[in-house]
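Scroll down for the structure; my scribbles are underneath it.
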Amino acid sequence: MILEIVSPETKLFSGEITSISLPGVDGYFQMLNNHAPIVSLLQKGTVKIAATSFSFVDEATEALFTKVNDQNYTLAINSGTIEMKDNKVIVLAD
């Protein structure tokens with residue numbers, strides 16, 4: 001599935017991923033390939049992203065993410081929204 005993470009300042013990430021875990025207002029939830037369409041609010045927490053490879057826009061953007069290993073990164077957010085539709089995840093993060 002495709003993931004785009006956008007902040008008010010810039011696009012933070014765009015690429016193919018295998019899964020994503022997000023801090024929803026009622027707790028963490030995970031989405032995998034072909035997940036049902038969803039729109040949800042996000043609260044302060046950590047977005048966990050799994051992919052076979054990562055490509056960041058630049059070094060400044062990459063510095064916002066924490067590398068767990070070669071296939072997993074995390075991103076701390078304060079709030080946001082998520083939309084999943086047609087195997088594309090869009091995260092608007094603050």
Side-chain angles (χ1 to χ4, degrees):
M1 68 185 151
I2 302 298
L3 170 64
E4 286 188 8
I5 302 177
V6 181
S7 75
E9 295 83 25
T10 187
K11 183 184 286 190
L12 300 177
F13 180 83
S14 181
E16 190 163 335
I17 64 167
T18 54
S19 72
I20 185 167
S21 178
L22 301 139
V25 292
D26 291 327
Y28 276 86
F29 62 98
Q30 183 180 38
M31 293 187 300
L32 302 170
N33 204 19
N34 297 314
H35 193 282
I38 184 174
V39 175
S40 181
L41 294 174
L42 302 175
Q43 66 179 1
K44 185 174 185 171
T46 303
V47 176
K48 300 172 186 174
I49 307 161
T52 54
S53 66
F54 285 86
S55 177
F56 294 96
V57 176
D58 54 35
E59 289 181 11
T61 303
E62 184 175 358
L64 299 172
F65 291 79
T66 302
K67 183 177 182 178
V68 177
N69 57 42
D70 286 343
Q71 296 184 342
N72 294 278
Y73 277 80
T74 62
L75 173 68
I77 63 168
N78 291 317
S79 64
T81 60
I82 174 128
E83 178 185 18
M84 167 67 156
K85 182 179 177 187
D86 298 329
N87 238 15
K88 183 173 183 180
V89 182
I90 300 173
V91 176
L92 305 175
D94 223 2

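Just so you know, these numbers use all the heavy atoms, side chains as well, and skip hydrogens, waters and symmetry mates. When a residue number appears, it is its place in the shown sequence, counting from 1. The structure presented is a predicted model; accordingly, all values stated were derived computationally and were not measured.
With sequence neighbours left out, Thr10 forms a side chain to side chain donor-acceptor pair (under 3.5 Å) with no residue at all. With sequence neighbours excluded, the residues that form a side chain to side chain donor-acceptor pair (under 3.5 Å) with Asn69 are Asn72. The side chain to side chain donor-acceptor pair (under 3.5 Å) test applied to Glu9 returns Ser7, not counting sequence neighbours.
Sorted by first and then second residue, the salt bridge (charged side-chain N to carboxylate O under 4.0 Å, His left out) pairs involving residues 70-80 (not counting sequence neighbours) are Lys67-Asp70. Sorted by first then second residue, the ring-ring contact (aromatic ring centres under 6.0 Å, His included) pairs that include residues 66-94, not counting sequence neighbours, are Phe54-Tyr73, Phe56-Tyr73. Among pairs with a residue in residues 80-94, those fulfilling salt bridge (charged side-chain N to carboxylate O under 4.0 Å, His left out) read Glu4-Lys88, at least two apart in sequence or across chains.
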Sequence neighbours excluded and cut-off under 3.5 Å, please list the side-chain donor-acceptor pairs for residues 21-47, or say none.
residue, atom, partner, partner atom, Å
Tyr28, OH, Thr46, N, 2.9
Asn33, OD1, Asn87, ND2, 2.5
Gln43, NE2, Gly24, O, 3.2

*When you look at Phe65 and Leu12, which way does the side chain to side chain contact (heavy atoms under 4.5 Å, CB included) test go after all the steps?*
CA-CA 9 Å; Phe65 291 79; Leu12 300 177; 4.2 Å; yes

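Contact record, Pro8 with Ala93: CD-O, 3.3 Å, taken as the closest heavy-atom pair. Nearest heavy-atom pair across Thr74 and Lys48 is CG2-CG, 3.9 Å.
Interatomic distance, OG of Ser53 versus CD of Glu16, reported as 8.5 Å (0.5 Å rounding). Between the CE atom in Met84 and the CD1 atom in Ile20 there is a gap of 9.5 Å [rounded to 0.5 Å].
The shortest distance between side-chain heavy atoms of Ile5 and Ile49 falls below 4.5 Å.
Applying the under-4.5 Å side-chain rule to Ile, Leu, Val, Met, Phe, Trp and Tyr, the cluster around Ile90 extends to Val6, Leu92.
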